[in-house]
Amino acid sequence: MMSVKTLETVICATKNPIVEIMFNRPHRLNAVVEQLYKDVLTCLDNAEQNDDIRVIVLRGEGRAFCVGADMKEHDSGERNLDQKRDYLSLANEVCQRLFECEKPIIAAVNGYALGAGAEMAIAADFLLIAESAQIGFPEISIGTFVGGGVSYVLPRLVGLAQARRLIFTGERISGEEAKNIGLAVDVFSDEAFAEKVNVFANLIASKAPLSMKFAKKQLNSPKAEGFRGCLDCELDNIVSCMQTDDWQEGVDAFAEKREPIFTGK
């Protein structure tokens, strides 16, 4: 059974074990305002506190994922410099939460993902993109700068040369190219997009939640500890997994030649 919670700018649709956080400002192509960031954080709080949720999916209502900051609101001139900094800090907080959330997050880019929209998309663990979608980082082209950890995450995804190209030129790239350069995990036809995202989300949701938490934390770490430190962390995580019911379920399922049913315990 699906439960739906409608906030001011976001819709949270939960059908265990997946929650979908949908940006809901289609009249502005889901351009970001401060309330949208706050609503996303509220949905993330609820998802993280719900043990039945295994996967979080981000997407946009209408023909865009998110086209970035709502320039109409920025042009209103009603905010002073401190207020603008607070808004930008809120944007960073959302991307940090997406990057550090213990549960895997899928960005389902169904249309334009630009600026702040692209920042949120690459902060997720998986970026799935529709064929007709476009993603880009136009900040330098309009006299500002990237945020949300882009200068850290993007080179790790596509390499330094491609990150330079995308950031320096502000070029929009297609879904197919996003996959080819490693920005997107996969690209799907517009017609099959929703179905393919759901299949992928359920695949990830079927895995052991505690193991997934360890994997996300380890893969997203700065690797400052070096190879030896990495081995130590992996060893600690394996030992932790061995003390769970899910470990035994995995062993039993393998022996019985069936799919495991993990409980997160």
Side-chain angles (χ1 to χ4, degrees), residues 15 17-23 30 40 44 47 53-60 63-66 94-137 146 148-163 165-167 171-209 211-221 223 262:
K15 187 176 182 180
I18 297 165
V19 62
E20 182 180 87
I21 300 175
M22 181 170 63
F23 309 137
N30 299 317
V40 169
L44 288 174
I53 296 300
R54 303 283 181 86
V55 174
I56 300 166
V57 177
L58 301 179
R59 76 172 183 91
R63 62 190 182 94
F65 178 78
C66 171
V94 169
C95 288
Q96 183 175 1
R97 286 286 300 279
L98 295 173
F99 191 74
E100 295 180 350
C101 176
E102 292 185 345
K103 300 183 179 185
I105 299 177
I106 299 168
V109 177
N110 53 300
Y112 297 110
L114 306 173
E119 292 169 7
M120 288 188 285
I122 71 167
D125 300 290
F126 304 100
L127 196 162
L128 304 178
I129 192 166
E131 280 182 340
S132 68
Q134 294 184 8
I135 186 168
F137 304 87
V146 294
V150 166
S151 56
Y152 175 78
V153 176
L154 190 60
R156 299 182 74 194
L157 292 174
V158 302
L160 183 56
Q162 291 286 9
R165 175 174 73 95
L166 293 174
I167 293 174
E171 175 186 0
R172 299 180 186 181
I173 62 173
S174 67
E176 191 65 38
E177 184 175 359
K179 179 186 177 182
N180 289 340
I181 66 173
L183 185 61
V185 171
D186 213 338
V187 56
F188 303 118
S189 69
D190 292 7
E191 296 76 17
F193 187 66
E195 178 187 354
K196 294 290 189 179
V197 169
N198 186 57
V199 168
F200 186 83
N202 277 285
L203 173 63
I204 299 300
S206 70
K207 308 305 179 183
S211 301
M212 187 72 70
K213 179 183 74 171
F214 294 145
K216 176 168 181 173
K217 182 177 181 180
Q218 189 71 11
L219 289 170
N220 285 3
S221 72
K223 300 294 187 296
F262 297 116

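Side chains are part of it too, since the values below use all heavy atoms of this structure and drop only hydrogens, waters and symmetry mates. Since this is a predicted model, take the numbers as computed values, not measurements.
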Donor-acceptor pair, distance only, cut-off 3.5 Å: does the side chain of Asn202 make one with the backbone of Asn198?
yes

Closest non-hydrogen contact found for Met120 with Val94 is SD-CG1, 4.0 Å

For Ile122 and Val153 the tightest heavy-atom approach is O-CG1, 3.4 Å

Note: Ala163 and Val158 closest approach over all heavy atoms is N-CG2, 3.6 Å

CD (Glu119) and CG (Leu114) are apart, to the nearest 0.5 Å, by 11.0 Å

- Item | Validation row: Tyr152, Arg156 side chains within 4.5 angstrom (heavy atoms) | yes

Task: Check against side chain to side chain contact (heavy atoms under 4.5 Å, CB included), Ile21 and Leu44 - done: CA-CA 8 Å; Ile21 300 175; Leu44 288 174; 4.0 Å; yes

Rounded to the nearest 0.5 angstrom, the CD1-CZ distance for Ile204 and Arg54 is 12.5 Å

Taken to the nearest 0.5 Å, the spacing of Ile56 CD1 from Glu20 CD works out to 12.0 Å

Is any side-chain heavy atom of Ile129 less than 4.5 Å from a side-chain heavy atom of Leu183? no

Counting only heavy atoms from other residues, nucleotides and ligands, does the tally under 6.0 Å from OH of Tyr112 exceed 12?
no

Are the side chains of Lys216 and Cys101 in contact, using a 4.5 Å heavy-atom criterion? yes

Rounding to 0.5 Å, atoms CG (Leu160) and OG (Ser151) come to a distance of 11.0 Å

For Gly148 and Cys95 the tightest heavy-atom approach is O-CB, 3.5 Å

Heavy-atom closest pair (Ala107 atom, Phe65 atom, distance to 0.1 Å) is CB-CZ, 4.3 Å

Would you say the side chain of Leu166 lies within less than 4.5 Å of the side chain of Ile181, judging by non-hydrogen atoms?
yes

Subject >> Side chain Asp190, main chain Ala130, donor-acceptor under 3.5 Å >> reply: no

Between the CZ atom in Phe200 and the CG atom in Leu128, the distance rounded to the nearest 0.5 Å is 5.5 Å

Tightest non-hydrogen contact, residues Asp125 and Lys103, listed as OD2-O, 3.9 Å

Next item on the list: Could you check if a side-chain atom of Leu98 sits within less than 4.5 angstrom of a side-chain atom of Leu58, using non-hydrogen atoms only?
Entry: yes

| Would you say Val40 and Phe23 make side-chain contact, with heavy atoms under 4.5 Å? | yes

Which label fits Phe193 and Phe188: parallel for a plane angle under 30°, tilted from 30 to 60°, or perpendicular past 60°?
tilted

### Query
Does NZ in Lys196 sit with more than 12 non-hydrogen atoms of other residues, nucleotides or ligands closer than 6.0 Å?
no

Value for CD1 (Ile106) from CZ (Arg59), rounded to nearest 0.5 Å, stands at 13.0 Å

